[in-house]
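This is a predicted model, so every value here is computed, not measured. Numbers for residues simply follow the sequence, beginning at 1.
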Amino acid sequence: MTLTTGATLLVDCLVEQGASTIFGVPGESYLSVLDAIYDAPTLRYVNARQEGGASMMADAWAKLTGEVGLCMVTRGPGATNASSGVHVAFQDSTPMILFIGQVASDQIEREAFQEIDYRRMFGQMAKWVAQIDDAARIPEYVARAYRTALSGRPGPVVLALPEDMLVTEIEKPAVLPAKAKPADSAPSAEAMRELEDLVSEAERPFMIIGGGGWSEKARQAVTLFAEQNGIPVGTSFRCQDYFPNTHPNFAGHVGIGIDPALAARIKQSDVLIVLGARLGEMTTSGYTLIKTPVPSQTLIHIHADPEELGRVYQPALAIAARHETMALMLGALGRIRKTGDSAWVKEANAGYQAFSAIPARKLPGDVQMAEIMKHVEANTPDNTVFTNGAGNYAIWLHRFIKYRGWRTQLAPTSGSMGYGMPAVVAAAIQDPARPAICFAGDGCFQMTCQEFATAAQEGAPIKVIVVNNSMYGTIRMHQEREYPTRISGTALRNPDFAAMAAAMGGHAEKVLKTDEFPAAFARMMAHNGPALIEIITDPEALTPVKTITDFRTKS
């Protein structure tokens, strides 16, 4: 009989599942697992600077690879910090497993040092939360965690690991569970016939795509379906890379700051096909874009989770199917529309082109962010990964950058500040040869700026552009709209971000004028390592088309 420990068995199970990278912050509660990783040459442990950054890295890794993202943290403060990334993964439908070191079994329910009941803590933001009390059951729990994270609507799983369980010696299993694949689900033949009938008679069809569980093959299939049937396609909030933005059928971004003409076009559609998107608050402009509860259009809603179908909007046709499977089936349909002409698609794309062009109005200050975005787009390859967190700076990114390749946008639909930095680190670790650029506001950057040091340690050639307007811009915008001139809590006195990046081992520059940016950008991209540009913008320029004065005047 060959003996093994719970920690070694856990690592063996992860390797069997194809795991290559774990993001985390080390803790004494799982030292035995770190020791087991030492003997696993194919498994890389990336020690982040804060658990929230580590869990966001795991989310970004999963988005990039389609695999389950892995994060490992210690109990108590480690778990509470990591919860921010778990929430991102839940709202973004990202497959992820968070492993948490737990107090020893004989200390449970005594409020031992850093003890938390993780079932209660994570119950509402994870698909499954469990604690492995018996080391012999580790293969069962890990296999279930992978399948749960991947299947249906993908999402996060949380597993607590009592410290004594990890060092327990047990008999080594002869066979470990094979690599998990997501459980498939597909529409019935009757549902497909009904879909074909509805689409075939549509005069002004429109399609919105988004959600989790996609692949490049699914993206290609939906593109083919849209081409063959003359359907304009919009992408849900922060899923802009799900459809090539340079394609003539692309209609734009259906999210925050939606083009009013695009919103009108969606309202004018007679058949609305929604694949993968939840039709939540951000994608529906606060549930005003589509009439509730019964839409004016014929709504075909396709989602992997049956509970999402009819949650807010009652569809004429509801299909519970895995997003990738459904996309491939749509791509195989061929031409099914009988009516309509190409003008509907051309008008939608023309509207997108007009909205994403540089506005005629110059904003206050020496920096014009729209021009900078267009320069970045024109001087980066199609496979460049762009990451961001939350803040008004992201409006310029979403509006003026064309996402040309698959998985080139990493941004949180949960609206979490600080996401861009961990995400760009994960992207640069996953493929160092692929350009990865993070955009962050000054407030957003300071949520996770310490992860710049993680990139330096890991040799990850991240590129960061910090847009510094010395305030929490989004909240200031709302403040000016609701309580004009009464500024409270939104001003920021910032450090020198360029000096900070240099201190962490990166190349850094500061840009004060638009015409200074091209040369600085070229130097940043040429640098073989982490690099940062800090752009100083005028606080008056709140959005691409509105200033503080505009908001005050309207208020």
Side-chain angles (χ1 to χ4, degrees), residues 187-210 219 221-236 239 242-255 258-277 279 283-285 287-303 309-310 312-319 321 323 326-356:
S188 65
E190 181 182 354
M192 287 301 293
R193 283 194 297 270
E194 188 173 350
L195 181 146
E196 290 185 45
D197 289 342
L198 292 173
V199 174
S200 69
E201 300 300 330
E203 293 186 2
R204 298 179 308 281
F206 195 95
M207 189 172 192
I208 300 174
I209 59 177
R219 179 182 190 251
V222 165
T223 302
L224 179 62
F225 172 71
E227 283 176 355
Q228 293 178 325
N229 291 283
I231 301 175
V233 178
T235 52
S236 68
C239 294
Y242 282 28
F243 198 89
N245 294 185
T246 53
H247 194 279
N249 286 62
F250 188 59
H253 180 217
V254 187
I258 188 173
D259 174 13
L262 173 57
R265 192 166 286 108
I266 293 172
K267 292 177 181 180
Q268 293 164 5
S269 65
D270 60 347
V271 174
L272 182 59
I273 308 162
V274 180
L275 172 56
L279 291 179
T283 296
T284 63
S285 301
Y287 305 103
T288 63
L289 186 63
I290 305 169
K291 185 179 178 182
T292 60
V294 181
S296 303
Q297 314 92 328
T298 298
L299 174 62
I300 302 172
H301 197 180
I302 307 156
H303 200 278
L309 301 171
V312 178
Y313 299 100
Q314 300 304 310
L317 175 60
I319 298 177
H323 305 156
M326 189 67 198
L328 295 175
M329 293 180 72
L330 289 175
L333 285 179
R335 171 76 181 186
I336 56 177
R337 271 190 74 202
K338 298 176 183 176
T339 58
D341 54 40
S342 60
W344 174 247
V345 172
K346 289 180 179 178
E347 289 169 5
N349 184 253
Y352 164 69
Q353 299 296 346
F355 188 66
S356 59

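Of the inter-residue distances, the one linking Lys291 atom NZ with Thr284 atom OG1 reads 15.5 Å to the nearest 0.5 angstrom.
Residues Arg204 and Leu272 form no side-chain contact, since every pair of their non-hydrogen atoms from C-beta on lies 4.5 Å or further apart. Between Leu317 and Leu195 the shortest side-chain heavy-atom distance falls below 4.5 Å. Here the side chains of Val274 and Ile302 are not in contact, with every heavy-atom distance at 4.5 Å or above. With contacts defined as side-chain heavy-atom distances shorter than 4.5 Å, the pair Met326/Leu275 qualifies. Using a 4.5 Å heavy-atom threshold, the side chains of Arg219 and Tyr242 count as separate. Contact check for Tyr313 versus Val294: no side-chain heavy atoms found under the 4.5 Å cut-off. By the 4.5 Å heavy-atom criterion applied to side chains, Val271 and Gln297 are not counted as neighbours. Contact check for Pro187 versus Met329: side-chain heavy atoms found under the 4.5 Å cut-off.
Residues Pro205 and Ala202 come closest through the heavy atom pair CB-CB, 3.9 Å. Across every non-hydrogen atom of Ala316 and Glu194, the tightest pair is O-OE2, 3.9 Å. Scanning both residues, Cys239 and Gly210, for their nearest heavy atoms gives SG-CA, 3.9 Å. Counting all heavy atoms, side chain and backbone alike, Ala327 lies closest to Val222 at CB-CG2, 3.6 Å. Residues Ile258 and Ser285 share a closest heavy-atom pair of CG2-OG, 3.8 Å. Counting all heavy atoms, side chain and backbone alike, Phe206 lies closest to Ser269 at CB-CB, 3.9 Å.
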Report the C-alpha distance between Ile290 and Leu279 in whole Å, list the side-chain angles of each, state the deciding distance to 0.1 Å, and finish with yes or no for side chain to side chain contact (heavy atoms under 4.5 Å, CB included). CA-CA 9 Å; Ile290 305 169; Leu279 291 179; 3.9 Å; yes
Please test Val199 against Ile273 for side chain to side chain contact (heavy atoms under 4.5 Å, CB included), starting from the C-alpha separation and ending with a verdict. CA-CA 9 Å; Val199 174; Ile273 308 162; 3.8 Å; yes
Would Ser236 and Ile208 count as a side chain to side chain contact (heavy atoms under 4.5 Å, CB included) if you check the C-alpha gap in whole Å, the side-chain angles of each, and the deciding distance to 0.1 Å? CA-CA 6 Å; Ser236 68; Ile208 300 174; 4.2 Å; yes
Applying side chain to side chain contact (heavy atoms under 4.5 Å, CB included), run through Ile266 and Val254 and close with a yes or a no. CA-CA 9 Å; Ile266 293 172; Val254 187; 3.9 Å; yes
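Listed by chain and number, the residues in a side-chain contact (heavy atoms from CB on, under 4.5 Å) with Asn229 are Phe225, Ile231, Arg335, Ile336, Arg337 (sequence neighbours excluded). Residues satisfying the side-chain contact (heavy atoms from CB on, under 4.5 Å) criterion with His323, sequence neighbours excluded, are Trp214, His303, Ala304. The side chain to side chain donor-acceptor pair (under 3.5 Å) check on Glu227 picks up His247, with sequence neighbours excluded. Residues passing the salt bridge (Lys or Arg N to Asp or Glu O under 4.0 Å) test with Glu196: none are found, sequence neighbours excluded. For Val312, the side-chain contact (heavy atoms from CB on, under 4.5 Å) partners two or more places apart in sequence, or in a different chain, are Tyr287, Thr292. Every residue meeting the side-chain contact (heavy atoms from CB on, under 4.5 Å) condition with Gln314, not counting sequence neighbours, appears here in chain and number order: Pro293.
At distances below 3.5 Å, at least one donor-acceptor pair connects side-chain atoms of Asp270 with backbone N or O atoms of Glu203. Side-chain atoms of Asn249 come within 3.5 Å of backbone atoms of Ala226 as a donor-acceptor pair (strictly under, hydrogens ignored). Between the side chain of Gln228 and the main chain of Thr223, no donor-acceptor pair closer than 3.5 Å is present. Under the 3.5 Å distance criterion, the side-chain polar atoms of His253 are left unmatched by any main-chain donor or acceptor of Tyr352. In this structure, the side chain of Asn349 engages the main chain of Phe250 through a donor-acceptor pair within 3.5 Å. At least one donor-acceptor pair closer than 3.5 Å links the side chain of Asn245 to the backbone N or O of Phe243.
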